[in-house]
Undergrad: 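Below is one structure. I have some questions about it.
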Amino acid sequence: MSDVDTHTDPQDDGGPGGAYEERPPLLVLDGVVRRYRQGEATLEVLAGASMVMNAGESIALIAPSGTGKSTLLHVAGLLERPDSGEVFLDGEPTSGLSDDARTAIRRNQIGFVYQFHHLLPEFSALENVVMPQLIRGLAPAEAKSRAEDLLGYLGLGKRLTHRPAELSGGEQQRVAIARAVANAPRLLFADEPTGNLDPTTSAHVFQTLTALARASGLSAMVATHNLDLAATLDRRVTLRDGVLVEV
Ligand SMILES: Nc1ncnc2c1ncn2[C@@H]1O[C@H](COP(=O)(O)OP(=O)(O)OP(=O)(O)O)[C@@H](O)[C@H]1O
């Protein structure tokens with residue numbers, strides 16, 4: 001175990017349970033190492049990355065292309081396992097969990113947004129947002145109502161029946177954001193969510209994403225190349241030689 005304390009939240013004043021009750025931070029990365037084989041060589045993309053993410057925090061991940069931002073988001077979001085080190089969720093280690101247990105955590109607690117929307121082309125905006133809720137087991141009427149609310153909040157109330165190809169790039173990304181938060185996750189990972197959009201649309205979609213995260217108390221980690229947008233989040237980190245550094 002390295003110097004990262006996985007069990008106390010520095011912003012936790014003890015809460016209603018009393019001053020001696022300690023709540024672990026939402027997410028802790030502790031000395032995370034991730035290597036890829038590239039032919040004969042091994043590339044160590046993450047070389048002991050550590051960080052603490054508290055509930056409700058928004059963090060920008062800013063680093064040059066190829067330094068490991070996507071890899072970090074995939075490991076933190078339980079899509080990939082670290083080669084060594086640990087990812088703690090609510091103070092509990094996750095790397096030893098079965099694939100099924102990790103999938104269940106992702107489905108119920110984690111949302112992802114990517115640079116390209118990955119919406120299902122043959123389904124409407126509404127259906128794309130309803131679907132993950134049905135997979136989770138929600139009743140169709142409840143799922144539809146939540147999807148309508150979310151899309152309305154994101155300014156897409158008049159685009160519910162449009163298929164992705166009938167929407168603008170910014171609208172497609174907003175549907176992807178609605179889909180990512182449809183199951184009310186606690187954590188949102190966004191990998192250059194506005195990287196494919198023009199500057200004005202990019203700023204609008206980014207602000208929509210962060211406003212939604214704040215309104216719903218969601219913790220968000222957003223990889224972006226845009227320093228102005230990064231400045232609007234609570235904290236900024238970068239990757240230097242595979243290690244996370246606060247900037
Ligand atoms: N599955 C893989 N197999 C082999 N190498 C990989 C794999 N995934 C990523 N890499 C390598 O790891 C390095 C980091 O990749 P990653 O996609 O995490 O970077 P990034 O910072 O997100 O880049 P970008 O900003 O261009 O998206 C790159 O050199 C990439 O080629």
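Hydrogens, waters and symmetry mates play no part in the numbers below; they use all other heavy atoms, side chains included. Treat the numbers as computed from the prediction; the structure is a model and nothing was measured. Both counts, for ligands and for their atoms, begin at 1 and track the order of listing.
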Undergrad: As a quick check of understanding, evaluate side chain to side chain contact (heavy atoms under 4.5 Å, CB included) for L151 and V175, giving each step before the final call.
TA: CA-CA 7 Å; L151 289 166; V175 177; 4.2 Å; yes
Undergrad: Do me a favour and list the nearest non-hydrogen protein atom to atom 19 (O) of ligand 1 with residue, atom name and distance?
TA: G68 N, 3.2 Å
Undergrad: Can you tell me the protein heavy atom closest to atom 11 (C) of ligand 1 and the distance?
TA: Q38 NE2, 3.7 Å
Undergrad: Would you mind reporting whether R186 and L26 have side-chain heavy atoms less than 4.5 Å apart?
TA: yes
Undergrad: State whether the shortest distance between N or O atoms of E192 and N or O atoms of ligand 1 falls below 3.5 angstrom.
TA: yes
Undergrad: Does V113 belong to the same Ile/Leu/Val/Met/Phe/Trp/Tyr cluster as L61, with side-chain heavy atoms less than 4.5 Å apart forming each link?
TA: no
Undergrad: Looking only at protein heavy atoms, which one is nearest to atom 17 (O) of ligand 1, and how far off is it?
TA: S70 CB, 3.6 Å
Undergrad: Decide whether the shortest distance between a heavy atom of A63 and an atom of ligand 1 is less than 4.0 Å.
TA: no
Undergrad: Measure from atom 15 (O) of ligand 1 to every heavy atom in T224, T71, T42, L43 and give the option owning the shortest one.
TA: T71
Undergrad: Among all residues two or more places apart in sequence or in another chain, which pass the side chain to side chain donor-acceptor pair (under 3.5 Å) test with H225?
TA: E192
Undergrad: Does K69 reach ligand 1 with a nitrogen or oxygen that is under 3.5 Å from one of the ligand's nitrogen or oxygen atoms?
TA: yes
Undergrad: Out of P64, S65, G66, who is nearest to atom 13 (C) of ligand 1 when you count heavy atoms only?
TA: G66
Undergrad: Minimum heavy-atom separation for F206 to L229, with atom names?
TA: CE2-O, 3.3 Å
Undergrad: What residue and heavy atom of the protein are closest to atom 2 (C) of ligand 1, and at what distance?
TA: Y36 CD2, 3.4 Å
Undergrad: Just by distance, with hydrogens left out, do T42 and R37 show a side-chain donor and acceptor under 3.5 Å apart?
TA: yes
Undergrad: Might you work through the side chain to side chain contact (heavy atoms under 4.5 Å, CB included) test for L187 and F189, ending with a clear yes or no?
TA: CA-CA 7 Å; L187 270 164; F189 293 102; 4.1 Å; yes
Undergrad: Hey, does V45 come in under 3.5 Å of ligand 1, counting only N/O atoms on both sides?
TA: no
